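Protein chains get the first letters and strands the later ones, always in sequence-line order, with residue 1 at the start of each. None of the values given here were measured: they were computed from a predicted structure.
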There are 4 protein chains.
Amino acid sequence: MAVRRRSRPDATRRSESSRRAILTAAFELVGEVGYPRLSIEGIAARAGVGKQTIYRWWPSKGAVLFDSFLMLSEGTEEGIGKGSLPDTGDLGADLRSVLHATVGELNDPRYDGPMRALTIEIANDPELAALYAERLEEPLRAMKRERLRSAQRAGQLPSDLDLDTAIDLIWAPLFQRWLKRVEPVTLDYADRVAETALRALGATGIGHPRT
Amino acid sequence: MAVRRRSRPDATRRSESSRRAILTAAFELVGEVGYPRLSIEGIAARAGVGKQTIYRWWPSKGAVLFDSFLMLSEGTEEGIGKGSLPDTGDLGADLRSVLHATVGELNDPRYDGPMRALTIEIANDPELAALYAERLEEPLRAMKRERLRSAQRAGQLPSDLDLDTAIDLIWAPLFQRWLKRVEPVTLDYADRVAETALRALGATGIGHPRT
Amino acid sequence: MAVRRRSRPDATRRSESSRRAILTAAFELVGEVGYPRLSIEGIAARAGVGKQTIYRWWPSKGAVLFDSFLMLSEGTEEGIGKGSLPDTGDLGADLRSVLHATVGELNDPRYDGPMRALTIEIANDPELAALYAERLEEPLRAMKRERLRSAQRAGQLPSDLDLDTAIDLIWAPLFQRWLKRVEPVTLDYADRVAETALRALGATGIGHPRT
Amino acid sequence: MAVRRRSRPDATRRSESSRRAILTAAFELVGEVGYPRLSIEGIAARAGVGKQTIYRWWPSKGAVLFDSFLMLSEGTEEGIGKGSLPDTGDLGADLRSVLHATVGELNDPRYDGPMRALTIEIANDPELAALYAERLEEPLRAMKRERLRSAQRAGQLPSDLDLDTAIDLIWAPLFQRWLKRVEPVTLDYADRVAETALRALGATGIGHPRT
DNA sequence: TGGTAACCGAGACGGTACGTCGGGTCTTGAC
DNA sequence: GTCAAGACCCGACGTACCGTCTCGGTTACCA
């Protein structure tokens, strides 16, 4: 017989409407007031929910934020892990188009706030970081890995290339520039990163942006 | 006659001992309790200083943290902008040695906490971000740029290479991995990044790590 | 056809075991943790009962407390309204013996807590106060009135004496002293009150405590 | 050398205006919403004060209430311990006039709420009870004792009468009836108590109320 | 003897208040 | 005019209970 000292919340009785209201409110609020002024009280008030309902189901403010991202991505057909990167045969062009989309998101004020907040929570909470890596980062990375592998098969990339390092080389510069606001993240910068990285990776026979 | 309603702090009367005590306390505390539990009250108490003395001289918690980093780097002969990257003529070897030092810092618990805190403050505060870019990032970047330029002169890198993009390609992956804790930042990873990046950058005649 | 939107509790289906568990738990708890920390949740948990079962049958915390007193007194053969005060013919001696019993209860920690709690609820809730007056106070008062009337018949008290005022004169000082904890309620004090009151009431030919 | 582990609030810096605002708000609020709905939050909000300012200076809700009574009585020239009971030589008349004033207060809705609240706090908190006994009860009792002593000197009361018991006999019934709301506390009841008590106390040559 | 209506335990829910922490401002007295 | 000290107003923290509600499971009456 299983013994439970302290009764855990009974997920079967969970209110789905409250859950959605909380996640929506969290996402909206962090976009409006920014991370430092985001509060559990504020989320609860905006969602029309008791604070306890948040504390009952999430261990931290970061976990709420994380779930609000998950909800968002699940609602999209372009969502996390649901699709694949474009593969026209032209690695350079495909990469540029994907990076342009990324640049667009990074510059969209609706995403900038929430993404900064989540990044910060992740930077502070190893547990959340692991969850993030597994549920959000890895599915995306798998899509990227697959596209590069396809390029390897087409002979456009060396077959002995370390794909994970390659992915980091391409995407990390964008995120760093965005996070630290050194300079604005422009389409031009994305192109430069893509081109330089591909050269570095030993790509051959790939298209180059029109200059 | 100039009228000043509210008196501005008179820097000439500033207590140097209080300043040092505050910066030291801030740096130590953020390392001990982490960013989320770092408080102005805590810094003031640890420094044996009134809260007002902090508010008088710094506009935000992040600014204190920032100055505590500046103070640290000024105390070192290896400090920011004071020296230059090693230049033995072997770009690959030099890069590896520099990255190994960086990996060492990223994994040092004494720096991990404070650096995360500062990174977070920067991510939230554009003004601080600008200051950071100017006072900490740019001097380091200048040293990196100089080393790469030297490699160009030696014919080890293409002369038309965009050095700033190149720098991002090399260093961003390390910081990204450190910040998000996807996986530990190892010396091996640093080597892989350096090698891949250099290949990408079209480096020729450079040394490779012994395998 | 009668329409009842909300069904009223059907007393015939009431669980007697739950009722007793609740009343017992309430009485015990208030004795253990005191009135301010007594909670419906606590009572329900201790009684192994759902909160709703309490709310279904009692309108307020005070009502539960009140019933737990009723239950207690019904369980005693010396219970409320079930007997009569001793009548040996010696009014003074009888009074002292009754007051001594009262003093004993007031100083018994098992009763002190619950009685304070009930007194407080009564002080705040006029409805409960009326119920208390009718169900607990009045039966006791009838017994006291009867004993004094017997003394009147025996010529020990003036026949025109207002018995209710007399009762107040005798018992109120004890309860006030107990409630306000001015000084401990001692047997000696009870004797002093009895003697003084009887003198005041014009008692004649009554026994006096051995001095 | 005196050692203070935790720094106690520095009373010299205490804000007198906040103190008065808190005490006034507490007194008013308890009269308006009653004891069970009186909250520290409510007092702070009404007083325009931070909650911490209340917690800094008072250990409990009851202590605030107590001080609000003290403040009230200090503001009156008829205040606690500041005067004496009327002494016209006619003990019966004097007693009736004092009791009539008491009855007036007990029936005044402005005092009923606060007094119930304070009584309840006292009933629950022995420390507060001691403070109450010393600062509010005893000064009043001294005045009463003095008046009765004067009657003894005038030969209207037996010289061996226990004055404290006598005081209880006279005043406890009134408070008891008020607290438990058995029946309304009327002037007539006060007269009956006074007359009966005086008779009991062996008073001679005292005036009686006109019937 | 099978419905069905009300009970029951359990506990999630929207709320209010708790007592504490820390934010940033302001005041006091020492220097 | 700076400094240490700390009171002040304020907002948020995470917790405890409030009183209402909904969920399955279990009597107990009725058809």
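Counting to the nearest Å, the C1' atom of dT22(F) and the CZ atom of Arg14(A) are 17 Å from each other. Atom CD in Glu16(A) sits roughly 15 Å away from atom C1' in dC13(E) (whole-Å rounding). Rounding to whole angstrom units, NZ of residue Lys61(C) and C1' of dA16(F) are separated by 12 Å. Summarising the geometry, the separation between NZ on Lys51(B) and P on dT2(F) is reported as 19 Å, rounded to the nearest angstrom. As a whole-Å value, the separation of Trp57(C) CH2 from dG19(F) C1' is 18 Å. The CD atom of Glu41(B) sits 13 Å away from the P atom of dA5(F) (whole-angstrom rounding). Across the protein-nucleic acid pair, Ile54(B) atom CD1 and dT2(F) atom C1' stand 15 Å apart, rounded to whole Å. Gln52(C) places its CD atom 16 Å from the C1' atom of dG25(F), with the value rounded to the nearest Å.
Gly42(C) comes within contact range of no nucleotide atom at all, as no heavy-atom separation falls under 4.0 Å. Residue-level contact check: Thr12(A) touches neither bases nor backbone, having no heavy atom under 4.0 Å from any strand.
Checking the phosphate oxygens (OP1, OP2) of dC21(E), no side-chain nitrogen or oxygen of Ser39(B) falls inside 4.0 Å. Neither OP1 nor OP2 of dA12(E) sits under 4.0 Å from any side-chain N or O of Thr53(A). In terms of phosphate contacts, Ser18(C) brings a side-chain nitrogen or oxygen within less than 4.0 Å of OP1 or OP2 of dG9(E).
Closest to the Arg13(A) side chain, of the nucleotides dG9(E), dT27(F), dC18(F), is dG9(E). The Arg56(D) side chain lies nearest to dC8(F) when the options are dC13(F), dA4(F), dC8(F). Between dC18(F), dT25(E), dC8(E), one nucleotide has an atom nearer to the side chain of Ile40(C) than all others, and that is dC18(F).
Projected onto DNA chain F by closest heavy-atom contact, Ala11(D) and Arg37(A) fall at different nucleotides, the more 5' of which corresponds to Ala11(D). Position along DNA chain E of the nearest nucleotide to Ala44(C) versus Gly48(A) favours Ala44(C) as the more 5'-ward residue. With the nearest nucleotide of DNA chain F identified for both Asp10(D) and Gly50(B), Gly50(B) has the one nearer the 5' end.
In this structure, Pro114(B) and Val30(B) approach most closely via the heavy-atom pair CA-CG1, 3.3 Å.
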Let me have the donor-acceptor pairs involving side chains of residues 35-43 of chain D, under 3.5 Å, with sequence neighbours excluded, atom names and distances please.
{"from": "Tyr35(D)", "atom 1": "OH", "to": "Glu121(D)", "atom 2": "OE2", "distance (Å)": "3.4"}
{"from": "Ser39(D)", "atom 1": "OG", "to": "Gly42(D)", "atom 2": "N", "distance (Å)": "2.9"}
{"from": "Glu41(D)", "atom 1": "OE2", "to": "Lys51(D)", "atom 2": "NZ", "distance (Å)": "2.8"}

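At least one donor-acceptor pair under 3.5 Å links the side chain of Arg181(C) to the backbone N or O of Ala123(D).
For Tyr132(B) and Phe69(B), the ring centers sit 6.0 Å or farther from each other.
Shown here are the side-chain contact (heavy atoms from CB on, under 4.5 Å) partners of Ala21(D), two or more places apart in sequence or in another chain: Ala47(D).
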